[in-house]
Every structure is written in C-alpha cells, then in structure tokens.
Amino acid sequence: MARRTGAISGPVAALGLGAAVAALCLLPLWAVARAAGFSGSLTAADWQAVRFTVVQALLSAVFSVGLAVPIARALARRQFWGRGLFISLLGAPFLLPVLVAVLGLLAVFGRGGWLNSALAALGLPPFSIYGLHGVVIAHVFFNLPFAVRLILQGWQSIPAERVRLARTLRAPLFRVLEAPMLREVLPSAFALIFLVCLTSFAVAITLGGGPRATTLELAIYQAVLFDFDLGRAAQLALVQYALCALAAGLAGVLGRQTGFGVGLDRHIALPGGSAIGDGAAIAAMAVFLLVPLGAALSGGVWGLAAMPATVWASAIISVTIALGAVAMVLLVAVPLALAGGKLGRGLATAVPLASSSLVLGAGAFLLLRGAVRPSDAALAVTMTVNMLMALPFALRILTPAADAVRRDYDRLARALRLRGWARLRIVYLPRMRRQIGFAAGLTAALAMGDLGAIVFFAGEGQATLPLLMQRLLGAYRVEAAAGVGLVLVTLSFGLFWIFDSWGRRGAET
Amino acid sequence: MRFAAALASAGLFISAGMAHADTPVLTIYTYDSFTSEWGPGPAVKTAFEAECACTVQFVAAGDGAALLARLQMEGSTSDADILLGLDTNLTAAAKATGLFAPHGVTPDVDLPLAWDDPVFLPYDWSHFAMIGRVGGPTPASFRELAASDASVIIMDPRSSTPGLGLLMWVKAAYGDEAAQVWADLRDNIVTVTPGWSEGWGLFLKGESDLVLSYATSPAYNIVVENDHSLQALPFDEGHYMQVEVAAKLAGARQPELADAFLRFMLTPAFQSVIPETNWMYPAVMPEGGLGAGWDDLLRPATSLLLPEDEAQALRGPAVDEWRDALAQ
C-alpha cells in the first residue's frame with residue numbers, strides 16, 4: 001500500500017495519467033481522421049468562425065474573471081446571514097441546461113423582458129441582447145459565479161497566521177498576500193473559462209443574432225451531421241485543439257505558485273475594505289445571478305402538473321449517471337492532483353475541454369463499430385464522456401489544495417512515517433475536503449445536465465431528464481418541458497449542494 | 001442520455017430476448033421525437049406488431065441528419081432494416097450512399113405534388129410557414145416581411161432541417177434573387193437558433209412577432225390547449241414543403257418484414273396516428289378528414305418543392321449565400 005502511494009506521487013505518474021486522459025480524447029479524433037483523411041483547407045468563412053470563436057471566448061473570460069475578483073474579495077471579507085447558501089448558489093448557473101438559462105436571461109434582457117419594460121417606462125430606446133454582447137452576457141452569467149468560487153478559494157487558502165503577521169508588521173495586505181495569490185489563481189481560472197467558451201455551441205448561436213456568430217463547434221456539427229464530411233470535421237477539431245493548446249500554454253507560463261506556508265487550518269475574514277463597496281459587489285452579483293435564475297425556474301412551476309409520469313424514472317437514471325460520474329472523476333482527479341506534475345495535469349485539463357463532443361462521439365462510434373452494439377456501449381461511453389467533461393473542472397478545483405498540502409505537510413508526514421492510506425486519510429483528504437466536495441458536486445450536476453453529444457449510441461428505452469425535456473419541447477409541450485427543467489435543476493442543484501456543503505462543513509472550523 | 005438506452009436495452013435483452021427468441025425483430029432507425037411517448041412510435045409499434053408476428057425495435061438518434069450520419073458510419077454492418085425520418089432535402093445524399101433499396105410500391109398518396117420516388121416513401125408532410133399571433137403583423141410575402149418592421153426568428157440551415165427548408169423555400173421562390181431577399185430580411189431577423197425547439201421556445205416567450213415553423217403547428221395549440229392565438233401566414237410566393245420519408249436498407253436483415261412495414265406505413269393504422277402525434281398531415285388522408293382544429297389551418301395554394309438532386313446541389317452554395325448575406 002505504502003509503496004503504491006509512494007509510486008504514484010510523482011510528476012512521471014501524473015504525466016502517465018494525463019497522457020492516458022489525452023489519449024482517450026485524441027483516439028476518437030484519430031479514428032475520424034483515419035476514416036476520411038484530413039481534407040480541404042480552411043475557407044474564409046472558417047477563419048471568420050475562428051475569429052468569432054476566439055473573440056467571444058476572450059471577452060467572456062475577461063469579464064467573468066475581472067468581475068469575479070471584487071466579488072470574491074468582498075465575500076472573503078464579509079460575514080453575513082445566508083453567506084453559505086449564497087456561495088452554494090454560485091454553482092447554480094454553471095449547472096443549468098442551456099435553454100433553461102437562456103430563457104431565464106431573456107426574461108430579464110429579452111425584447112419583452114424586464115429591462116426593456118423599465119427602459120420603455122423611462123422613455124429610453126430598447127436594448128437588444130442579440131449579438132456578440134449577448135453571447136458574452138450569457139457566458140458571463142454561466143461562468144462568473146464559477147470564477148468567484150475559484151478565486152474565493154484562493155482567498156481562503158491564505159492562512160490566518162499570515163494575515164495576522166502582515167497586520168502586525170503593518171505590511172500592505174494586498175501587495176504581500178493578495179496579489180501573489182491572484183497571480184497564482186487568475187491565469188488558470190481565465191484559461192478554464194476561455195476554453196469552456198471556446199467550444200460553446202448553443203449559447204453562441206441562439207443569442208448571436210445571425211451567422212456572424214458562427215463558432216468552430218457549429219462548423220464541426222455541420223460537417224459531421226449535414227455534410228458527412230468527416231475529414232473536414234477532423235481538421236476543424238484540430239484547429240480547436242491548437243487554439244486550446246495556445247490558451248493552456250499561456251496560462252501555464254503566466255501562473256506562479258505562491259507558497260504561503262503552513263497555518264493551523266484556520267481562516268479569518270480579511271480585514272479592511274469598505275463595507276459599502278463590498279456590499280454593492282455582493283448585491284450586484286446576487287441580482288445578476290438570482291433574477292434570471294428565478295425567472296428560469298418560476299416558469300417550470302406551472303409545468304409540474306403537466307409532466308408525464310415517466311419523469312421519475314428519468315430522474316432515477318439521471319441521478320445514477322451523476323453518481324457514477326462522481327466516482328469516476330474522483331478516482332482519476334484525486335490521484336492526478338496529488339501526483340503533482342504540471343504537464344500531466346495540464347494535458348488532463350486542456351485536452352478534454354478542447355475536444356469537440358461530436359467528434360468524440362463519432363470517433364468512439366467508429367472505434368467500437370463492429371466490436372459491440374452501440375446501445376450496449378452507451379453506458380460505458382456516456383460515463384467516460386461525462387468523466388472527461390467534468391475532469392478539467394475537478395482538477396482545477398483540487399490541484400491548488402493538493403499542491404499546498406504537499407508543499408506544507410509532506411516533510412512532516414515523512415518525519416512521522418505516515419505513508420500510503422494513512423497519509424492520505426490523516427494529511428491530505430481532510431485538508432482537501434472542501435475542494436473534494438465542490439468538485440464532486442460540480443461533477444454530479446454537470447453529468448445530470450449533460451445531453452451528451454454521443455447521438456450515435458442511441459438505443460431504445462427510457463430517457464434521461466435532459467433528453468425527456470428535449471423530447472417534450474420537440475412535441476410542442478413547452479409547459480411540461482419547463483416542469484421537467486425545474487425537476488432537473490432542483491435535482492442537480494440538490495446533488496451539488498449535498499456534496500458541496502459536506503465539503504464546506506468539514507473545512508470551515 | 002444514452003446510458004438510459006443502455007440500461008433499458010440491457011434489461012430488455014434479457015427479458016424480451018429470451019421470451020421471444022424465435023420472434024424476428026424489425027429494427028427501425030428514426031429521430032428522437034418519433035419514438036417518444038408523445039410521438040407516433042408507441043402506437044405504430046403496437047399496431048404493426050399486432051399483424052406482423054414480429055418485434056419492432058426503434059433506434060432513435062437525434063434528428064434526420066444524425067440518423068443518416070450514423071448509417072453512413074455503420075455502412076453495410078448496420079442493424080437497421082428501415083430508416084424513417086429524412087426529408088427530401090437529404091434523400092439525394094442518402095441515395096448516393098448506395099445503402100438503400102427500392103420499395104417496389106406504387107403509392108397512392110394525398111400529397112399536393114406527385115410522388116414517384118422509387119426508394120423513399122412519404123409518411124407525412126406539411127408546408128413550412130411563418131407563424132404569427134392573431135392581431136400581430138401579417139406580411140404576405142418575404143418581400144413584404146423584409147419591408148415591414150416585423151421581427152422573425154429562424155433556424156440555422158447548418159444545424160436544423162427547418163432551417164434548411166427555409167433556405168430552399170427562398171431559393172425555390174426567388175432563385176438568383178435569393179441573396180438580395182436575405183440581405184433585405186437581415187434587419188427583421190432577431191436571431192438564428194440551432195434547432196426548431198429553441199426558436200419555438202423563444203417565440204412563445206415573446207422574443208419575436210413571427211417564427212419559422214410549419215403550417216400545421218397551430219393545430220397543436222388548437223387541439224390540445226384550445227388556444228386560438230397562433231396563425232400560419234399565407235405567403236404569395238407559395239410554401240415550401242417538408243415531406244418526411246422512409247426507406248428500406250439494401251442490407252436489411254429482415255427484408256420481407258421491412259417491405260411489409262413500408263406497405264403498412266401507408267395504411268390507416270399508421271396514418272391515423274400521425275396528425276396528433278407528429279402534428280403533420282398524413283401522407284394518406286383518412287376518409288373522415290382530420291377533425292376539428294385542422295379545418296381552419298392554412299392550406300397554401302402553391303406548393304414549392306425542389307427536386308432532390310437540385311436541393312442537394314444547391315445546399316452548399318445556398319448556405320454560403322445565406323451566410324454572406326446575413327453576416328454583413
């Protein structure tokens with residue numbers, strides 16, 4: 001046991017694991033390319049799509065991370081009633097099915113939304129959400145709360161002892177503690193959100209307002225499904241990988257580790273700052289988060305009665321998938337985070353995010369064709385794809401904590417001859433509990449909401465909640481679909497909340 | 001989502017597989033909403049199984065385009081006996097794969113246009129139409145729409161079959177002037193959604209005056225919700241048709257059953273299910289008509305439909321033209 005844990009804690013092991021994850025993503029691309037060969041060259045329209053894809057992702061990441069800093073700082077400094085629930089709610093938009101979130105945003109920003117009613121009442125010209133700015137607003141709605149959580153973790157990682165020391169010495173808190181922490185946290189948060197937005201499909205076209213808002217993912221979709229031009233799809237997928245590699249590499253270069261050293265695992269609220277400024281930041285976040293969220297969900301209340309009875313069978317299937325995905329992600333992400341090694345973890349973060357899910361699906365189909373019936377492989381493929389999609393987020397959450405624990409406690413643990421499972425149980429896991437809870441919750445909810453682009457593996461049978469919702473919409477049953485959407489969001493958020501508050505309960509003492 | 005399918009099929013295999021080990025299975029690839037409990041699938045399965053001494057197995061994959069892509073990836077190793085759910089914009093591409101066999105039927109169908117396709121048989125159809133609200137703007141042509149300030153939501157022809165249908169509609173009506181029509185429509189288009197359901201959802205939320213859908217769409221609201229507030233707008237150019245078709249695979253494991261199913265598809269047992277599950281016109285009109293709610297629907301005087309080869313040849317250039325005109 002001891003030997004085994006010793007063996008996996010090393011950059012080499014991390015590289016192995018990371019390479020395995022990357023191979024899982026790249027193998028399907030290879031299968032697609034092998035079936036067709038890379039074909040053609042990029043057209044002017046493709047370059048335009050590349051440009052739009054990069055610009056919207058860049059703007060979305062800049063605004064998400066930029067706005068998250070003051071909000072996270074305010075949350076790190078203030079204690080108020082309902083703070084815990086509010087921090088949990090920050091996970092919510094990230095977990096909403098795209099159409100539910102878009103309809104919620106439109107209730108506020110749409111043509112007939114509240115914002116335009118207010119503008120009309122004031123005699124001001126109407127605001128149109130459709131266009132690049134609409135895409136960015138939606139992506140910020142999805143990702144800002146997530147960025148706040150990531151950056152808040154950074155603040156919480158500053159040991160109380162350091163804060164006290166700095167205050168005693170009258171050192172500038174921001175320069176000696178906060179700025180180095182941001183230097184460590186921001187580049188990777190930025191890169192993660194940039195990558196998420198890079199592969200955006202439905203948000204970008206629904207709110208984009210027209211074909212100018214064409215992303216690479218849409219071009220891949222068209223190539224696979226409408227033109228059945230696998231060579232072109234493979235080529236576009238490669239371009240997407242190249243963009244992601246660039247972003248991930250840049251984040252790697254810019255990121256710096258801090259090393260605040262050991263504390264007694266206690267955190268204190270940071271002193272200073274204006275209460276009014278912090279209050280305004282938190283209130284603005286709450287309004288931007290809760291109003292569309294409330295609008296998105298309130299529509300579903302009327303639909304609850306219209307739901308088909310099969311919704312509960314679908315709910316059980318969806319929850320089962322979610323729990324399976326959590327187990328798989330933790331089994332891969334925790335060892336990878338503990339093993340250290342930038343390259344291995346970078347591979348396991350960037351490659352899955354950069355993957356076109358449609359190419360993953362098509363490639364997996366081509367690989368498995370003939371060996372197994374597609375409907376029999378559906379379970380394994382769904383689980384694997386869900387694991388790959390959640391892994392980057394889980395890693396991003398777990399890695400800083402794992403690094404800090406290793407840096408601060410490894411020597412002590414060695415001196416005490418704590419090895420293997422004992423070291424894991426006594427040293428690592430308790431100090432990573434908050435992050436494990438957050439990562440598990442996020443994975444569960446992401447897997448619940450996943451519609452899966454593995455369209456090719458269909459069989460006959462019961463649908464998951466997102467698929468049930470889609471089918472109801474396709475059959476004009478908009479109200480019932482909204483009801484199913486409410487059940488879906490409640491269950492995903494419920495799972496997220498259970499895991500997340502388990503993590504935070506243990507960690508806040 | 002496919003895990004669901006796996007769970008179900010794992011369970012079904014043991015029970016159904018053992019109980020009916022000697023019963024032949026007819027495998028039908030179709031789109032998602034056909035097999036859902038609100039779609040025609042369940043009733044069609046029951047009715048055909050009552051007369052075929054076989055088991056019908058639906059395999060649902062996304063939409064028509066996804067179905068064809070999956071079949072192309074499977075090639076001759078496919079389990080499919082029947083592919084059900086393409087429209088005429090994709091049949092030329094489907095035939096070019098060589099995966100389909102002629103049906104050998106002389107169909108007696110009630111379509112606005114003659115049907116003589118030797119491979120694909122129609123099972124339902126409707127006209128594309130702009131849907132608006134009673135009391136809202138009612139432009140009577142694309143040109144009138146472009147000149148008005150009515151707002152409209154359409155679908156992307158690169159990711160949805162209605163979007164592709166609209167592209168062909170404008171092309172069939174305006175030919176070389178299509179690019180200009182699109183350019184004129186640019187300021188009326190609120191947004192372009194990836195699929196039909198997003199567009200329909202946005203329209204119902206009040207995001208636009210009009211939405212691209214089917215002339216038969218208001219029937220759902222009338223029949224199920226007793227809501228008469230939506231109407232399909234007649235356009236002077238005529239209306240492009242969507243004809244949904246099915247065909248037998250050349251490599252079908254159960255060719256006789258597949259033939260029997262295609263014949264069954266045009267009988268009342270199948271056709272009577274279509275209107276109030278798929279919200280389209282059945283390919284063969286029942287003797288008593290379709291009942292209340294269907295009588296008041298728009299029945300365009302002129303039906304447009306490009307021959308499949310022309311639709312196939314036009315698709316690429318028309319998408320480019322559409323994109324260039326709207327991306328200005």
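Just so it is clear, the structure is predicted and the values come from calculations on it, not from any experiment. Note on naming: letters A, B, ... go to the chains in the order of the sequence lines (proteins, then strands), and numbering restarts at 1 for each one.
Looking at B/Leu204, only its side chain comes within 4.5 Å of chain A, counting heavy atoms on both sides. With a 4.5 angstrom heavy-atom cutoff, B/Asp79 touches chain A only via side-chain atoms. When heavy atoms are compared at a cutoff of 4.5 Å, B/Thr77 approaches chain A solely by way of its side chain, counted from C-beta outward. Only the side chain of B/Arg315 comes within contact range of chain A, with at least one heavy atom under 4.5 Å from a heavy atom of that chain. Both the backbone and the side chain of A/Ile205 come within contact range of chain B, judged by heavy atoms closer than 4.5 Å. B/Ser78 does not touch chain A: none of its heavy atoms, backbone or side chain, sits under 4.5 Å away. Heavy-atom distances place the backbone of B/Ser208, and not its side chain, under 4.5 Å from chain A. Heavy atoms of B/Leu68 lying under 4.5 Å from chain A are absent altogether.
Side chains of B/Arg323 and A/Thr214: a donor-acceptor N/O pair is absent below 3.5 angstrom, by distance only. For B/Ser213 and B/Trp196, the side-chain atoms include at least one donor-acceptor pair closer than 3.5 Å.
Atom CG of B/Leu71 and atom CZ of A/Phe228 lie 9.5 Å apart (nearest 0.5 Å). In this structure, the separation between CZ on A/Phe365 and CD on B/Glu74 is 3.5 Å, given to the nearest 0.5 Å. For the atom pair B/Ile153 CD1 and B/Phe203 CZ, the distance stands at 8.5 Å (nearest 0.5 Å). For the atom pair B/Asp149 CG and B/Asn188 CG, the distance stands at 8.0 Å (nearest 0.5 Å). In this structure, CD in B/Gln72 is found 10.5 Å from CG in A/Leu225, a value given to the nearest 0.5 Å.
Contact between A/Trp114 and A/Ala295 at its shortest, heavy atoms only, is CH2-CB, 4.1 Å. When every heavy atom of A/Met448 is checked against every heavy atom of A/Ala322, the shortest pair comes out as CG-CB, 3.7 Å. Closest of all the heavy-atom pairs between B/Tyr220 and A/Arg477 is OH-CG, 3.4 Å.
Heavy-atom pairs under 4.5 Å with chain B were tallied for A/Gly131, A/Gly210, A/Ala219, A/Gly209; the largest tally goes to A/Gly209. When B/Val190, B/Val224, B/Thr35, B/Leu202 are compared by the number of non-hydrogen pairs under 4.5 Å with chain A, B/Val190 comes out ahead. Most heavy-atom pairs under 4.5 Å with chain A, from the set B/Ser159, B/Ser197, B/Gly206: that is B/Ser159. Among B/Gly201, B/Pro194, B/Gly39, B/Ser33, the residue making the largest number of heavy-atom pairs under 4.5 Å with chain A is B/Pro194. Between chain B and the residues A/Leu465, A/Val478, A/Thr43, A/Leu106, the most heavy-atom pairs under 4.5 angstrom are made by A/Leu106. Taking A/Tyr221, A/Tyr130, A/Tyr476 one by one and counting their heavy-atom pairs under 4.5 Å with chain B, the maximum is reached by A/Tyr476. Looking only at heavy-atom pairs under 4.5 Å with chain A, the residue among B/Gly195, B/Gly199, B/Ser151 that has the most is B/Ser151. In terms of non-hydrogen atom pairs under 4.5 Å with chain A, the most contact-rich of B/Leu326, B/Val192, B/Asp320 is B/Val192. No other option in A/Ile129, A/Leu473, A/Leu207 has as many heavy-atom pairs under 4.5 Å with chain B as A/Leu473. Heavy-atom pairs under 4.5 Å with chain A were tallied for B/Trp200, B/Tyr29, B/Tyr31; the largest tally goes to B/Trp200.
Of the possible polar contacts, none joining the B/Thr193 side chain to the B/Glu198 backbone as a donor-acceptor pair under 3.5 Å is found.
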